Amino acid sequence: MELISKIIKLKAVVDVKQSLFSGQSFLWDNYDHTNNYYMTIIKNTPLIIRQLSDNTIEVISNSMNVDSIIIDEFINNYFSIEVDVNKIYSENLRKLYPDVYSRLNGYYPLRILRQDPFETMISFMCAQGIGMHIIRKQVSMLKKFYGEKLSITFNGDEILLYAFPTPQRLANADLSQLSFCTNNNKIRAANIILAARSVVDGSLDLNILGASEIPLAQLRNTLCQIRGIGFKIADCIALFGLGRFDAFPIDTHVKQYLGTWFKSTTAFRSLSPANYLILDAEARTFLNPDFAGYAGHILFHCWRKEIKKLQSF
DNA sequence: TCCCAGGCCATGT
DNA sequence: ACATGGCATGGG
């Protein structure tokens, strides 16, 4: 099929590279940083995204379904363009933590992506007490072993891409073979199989969870019913997979910056469930509660990049 | 060699 | 209610 290309003008300034690789997405393992090409599969559609300027991107595909993906509304929504990043911090941050606030100047083009809920759930179940490098490797192997293989021809080269596995494929996966993809962790593999089965049998409906306006605590508790999902991963699923920008995941990095930048004494205690909720409430005093997680992700990225000197890609 | 990585869970006080 | 160890492995 013929290659389709469309130039899309975004309604805000976006840094595509930083948005895709700030650590929220483990899916962008196919890229060409030199020429600004990023390749992935969204809704079973192979896509190449290329940044042309601050607020224009080119989207290229050869798929049948491409019409529903390449429209401006979808892309603007994917990059959560409607969120005004000037409003995600409260006045308290500007007043009480001006040094932290000034650090964030360069990060306004960093957008949170609205990603597929199931993909987000399984990916973050692979992210427990382990480095980003291994997390990406696990997701990459899951796709290669259990995902549908799709290709796109670009500049004369056929590029192979693997879609994220369907719930059905993971629900029927063999435990020992799946654990080969989960860093040899059999507990994690078993949890993923159970989670996939609960999606297949309908006891967990992520689309309904995301569409409904249920309170964040209730949403979190629902996700925590699944083995292998605690507060942190539940909040990640809500934030990155369900578009709940009020969800504020607290991991080891967030815990660190809450202690160092915001002088939280709780942040120097162990991250027990009780302390997690205390930190969550504290963060909402200097972040706009409705966008606490959105702001938290920018702070997270800033902390990793500038203080910990970590590479996300 | 030791500690830390986008944690969660079972067990022991 | 809290603390601790196991899970697994690569990198600093």
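This is a predicted model, so every value here is computed, not measured. So you know, we letter chains A, B, ... as the sequences are listed, proteins then strands, and number each from 1.
- Residue A:Ile229 contributes atom CD1, which lies 9 Å from atom P of B:dC8 at whole-angstrom precision.
- Ring planes of A:Tyr294 and A:Phe291: perpendicular class, angle over 60° (limits at 30 and 60°).
- Proximity of A:Lys308 to the phosphate of C:dG12: no side-chain N or O atom is located under 4.0 Å from OP1 or OP2.
- One finds a side-chain N or O of A:Asn184 lying less than 4.0 angstrom from the OP1 or OP2 phosphate oxygen of C:dT9.
- Put simply, A:His253 has a side-chain N or O that comes within less than 4.0 Å of OP1 or OP2 on B:dG6.
- Two residues, A:Ile130 and A:Gly230, neighbour DNA chain B, and the one matched to the more 5' nucleotide by heavy-atom proximity is A:Ile130.
- Checked against a 6.0 Å centroid threshold, the rings of A:His297 and A:Phe240 count as neighbours.
- Here CZ of A:Arg169 is found 11.0 Å from CG of A:Leu142. Values are rounded to the nearest 0.5 Å.
- Considering only the side chain of A:His133, C:dG10 comes nearest among C:dG10, B:dA5, C:dA8.
- A:Thr182 comes within 4.0 angstrom of no nucleic acid atom, judged by non-hydrogen atoms across all strands.
- When the P atom of B:dG7 is taken as reference, atom CD1 of A:Ile134 falls 12 Å away, rounded to whole Å.
- Distance, A:Arg269 CZ to C:dC2 C1': 9 Å, rounded to whole Å.
- Contact between the side-chain N/O atoms of A:Gln128 and the OP1/OP2 oxygens of C:dT9 is not found at any separation under 4.0 Å.
- Regarding contacts with the backbone of C:dA8, every side-chain N or O of A:Asn183 stays at 4.0 angstrom or more from both OP1 and OP2.
- Counting any heavy atom pair closer than 4.0 Å across all strands shown, A:Ile187 reaches sugar-phosphate atoms only and no base atom.
- One atom, CG of A:Leu223, and another, P of B:dC8, lie 12 Å apart when rounded to the nearest Å.
- In this entry C:dC7 has B:dG7 as its Watson-Crick or G-U wobble partner, both defining distances falling under 3.5 Å.
- Counting non-hydrogen atoms under 4.0 angstrom, A:Gln138 reaches nothing in the nucleic acid.
- At least one cation-pi condition fails for A:Arg94 and A:Tyr89: the charged atom is not both under 6.0 angstrom from the six-membered ring centre and inside a 45 degree cone around its axis.
- In this structure, A:Lys255 atom NZ and B:dG6 atom P are separated by 14 Å, rounded to whole Å.
- Taking only side-chain nitrogens and oxygens, A:Arg227 never comes nearer than 4.0 Å to OP1 or OP2 of B:dC8.
- Computed from coordinates, the A:Asn191 CG to B:dC8 P distance equals 11 Å when rounded to whole Å.
- Note on A:Ile250: nothing from the nucleic acid sits closer than 4.0 angstrom, heavy atoms only.
- Of the P atoms belonging to C:dA8 and B:dT1, the separation is 22 Å, rounded to the nearest Å.
- At C:dA3, one or more side-chain N or O atoms of A:Ser270 fall inside 4.0 Å of OP1 or OP2 (strictly under the cut-off).
- Note: A:Phe286 and A:Tyr97 meet the aromatic proximity criterion, with ring centroids under 6.0 Å apart.
- Residue A:Arg136 contributes atom CZ, which lies 18 Å from atom P of B:dA5 at whole-angstrom precision.
- Among the protein residues, A:Leu271 comes within range of no part of the nucleic acid, since none of its heavy atoms lies under 4.0 Å from any strand.
- Atom CZ of A:Arg188 is separated from atom C1' of C:dA8 by 8 Å (rounded to the nearest Å).
- Here, B:dG6 and C:dG5 have their P atoms 23 Å apart, quoted to the whole Å.
- The ring of A:Tyr162 has its center no closer than 6.0 angstrom to the ring center of A:Phe145.
- By the 5.5 angstrom centroid cut-off and the 30-degree plane limit, A:Phe124 is classified as not stacked against the base of B:dG6.
- Two rings, from A:Tyr146 and A:Phe164, have their centers 6.0 Å or more apart.
- The gap from the P atom of C:dG10 to that of B:dC8 amounts to 23 Å, rounded to the nearest Å.
- The side chain of A:Thr252 contributes an N or O atom lying less than 4.0 Å from OP1 or OP2 of B:dA5.
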